[in-house]
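Note that the coordinates shown come from a computational prediction; the quantities given were computed from them, not determined experimentally. In what follows, residues are counted from 1 in the order of the sequence shown.
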Amino acid sequence: MTPPPPLGRPRYKGGPTFDPALDDTELATVRDALARGRWGEARQLLARTGDDWDRRGHRLVVLAEGGSSLAWARDWQLAEPDSPDAALLLACATVFRALRGKDQPDAARALCLTAARMAPRDPTPWLCALILARRTGTDDERVRAFDQVRARHRDHHHAHHLMAACLAEHQEGDRDDPLHEVYDFASWAAEQAPADSPLAVLPVVAHAERYRVLARAGVEPADPARSGHWTTRRARQVMKAAFDWWLEWDTDEEGPDAADSTAATHPRRKVDLNYLAHAKLHEGRLAEAAALLTRIGPHATHAPWCYPDRDPRGAFRAARRAALGAA
């Protein structure tokens, strides 16, 4: 087991990037090329990714979020009408356009189904459908999309995060119930996943998502520092289990054992570290938060630092000042 990086000043200069590509530099380069109309590089990247489903989903979503992605996906599909990847990029870009109110959800949903038919083994079209249903669909539509993802890749990271966010919104204005279904869902997912799976952190994610809902409803303070949400007995048990998992499985990404641990190579591992650092900060465990923030480096994520309606950049910088003594 590789210990956490040493506490103290971080190993990078500058502020947090909040780049959804996280530390996938190849993805960031291809995304920039796609924004300039060079869709051939996106084609090559997705082909190289193959059936690494978590990485494929991460890369596809980041590529599709760009404002010009829809136009270039259409060009790609015109050039290669039988390409499942072109159909998928078109579908996902249309999903984000629909979420911005610039297209109809029904059109986006139909394109997701088309992409799913062209690549029946791929969970990614159903991930796109779940992203759409998260904001525009019914509970039944969300569950159906999640089940379709899980039938193809049972430990899909992004899909489990989305479902935790959806379930946390049930009983919106109620008090925090330790038996709430989002906690049961997260515990179940963590227990059934392989030992090195990042889904071990899902109970922490569920806790933050429930705080988001309660704070917006006025049940919890809008300032998480004033909330006792992370200091209950149940919360402390969840945080400890997740941190212990990180100590065991998150080997140094640059070390010789990195390839042996899903935790250290997972494309969305920085998402989990942000949730865990946020939780440890508000639990009052500053040394543990410092270790996590050092490992996060510049790869901050909007959630959960923005919860419930905060400036994520300011919140992340404040966390670094509190835990590391540096902004």
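- Atom CH2 in W72 sits 11.5 Å away from atom CZ in R38 (nearest 0.5 Å).
- At a threshold of 4.0 Å, the pair R152-D51 does not count as salt-bridged, since none of the basic side-chain nitrogens sits closer than that to a carboxylate oxygen.
- Two rings, from H207 and Y183, have their centers less than 6.0 Å apart.
- Between the side chains of Q148 and R144, no donor-acceptor pair is found at a separation under 3.5 Å.
- The aromatic ring centres of F146 and H160 sit less than 6.0 Å apart.
- For H266 and H157, the distance between ring centers is under 6.0 angstrom.
- Side-chain contact, D122 with T124: a donor N or O sits under 3.5 Å from an acceptor N or O.
- Listed for the K240 side chain is no donor-acceptor partner under 3.5 Å among the backbone atoms of A235.
- Counting heavy-atom neighbours within 6.0 Å of R100 CZ, excluding the residue itself, gives a total above 12.
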**Request:** Begin with the C-alpha distance, continue with both residues' side-chain angles, and end with the deciding distance and a verdict on side-chain contact (heavy atoms from CB on, under 4.5 Å) for L34 and L89.
**Result:** CA-CA 11 Å; L34 180 62; L89 182 60; 4.3 Å; yes
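- Under a cut-off of 6.0 angstrom, the local environment of CZ in R142 is crowded, with over 12 non-hydrogen atoms contributed by other residues, nucleotides or ligands.
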**Message:** Is there a side-chain contact (heavy atoms from CB on, under 4.5 Å) between D54 and R268? Walk through the geometry before answering.
**Reply:** CA-CA 8 Å; D54 279 310; R268 284 169 48 88; 5.8 Å; no
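- F96 contributes atom CZ, which lies 7.0 Å from atom CG of L99 (distance to the nearest 0.5 angstrom).
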**Prompt:** Between T49 and R56, is a side-chain hydrogen bond (donor to acceptor under 3.5 Å, both in side chains) present by the stated rule, with each step listed?
**Reply:** CA-CA 6 Å; T49 306; R56 178 172 169 81; over 6 Å; no
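- Q192 and W188 are not linked by any side-chain donor-acceptor pair at a separation below 3.5 angstrom, with hydrogens and angles left out of the test.
- Between W305 and H278, the ring center distance clears the sub-6.0 Å criterion.
- Of the possible polar contacts, none joining the T301 side chain to the V271 backbone as a donor-acceptor pair under 3.5 Å is found.
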**Evaluation steps, side-chain contact (heavy atoms from CB on, under 4.5 Å), between W76 and D85** = CA-CA 9 Å; W76 179 7; D85 286 352; 3.5 Å; yes
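- Remark: side-chain polar atoms of T114 are paired, donor with acceptor, to backbone N or O of A110 under 3.5 angstrom.
- The closest side-chain donor-acceptor pair between R97 and T94, if any, does not fall under 3.5 angstrom.
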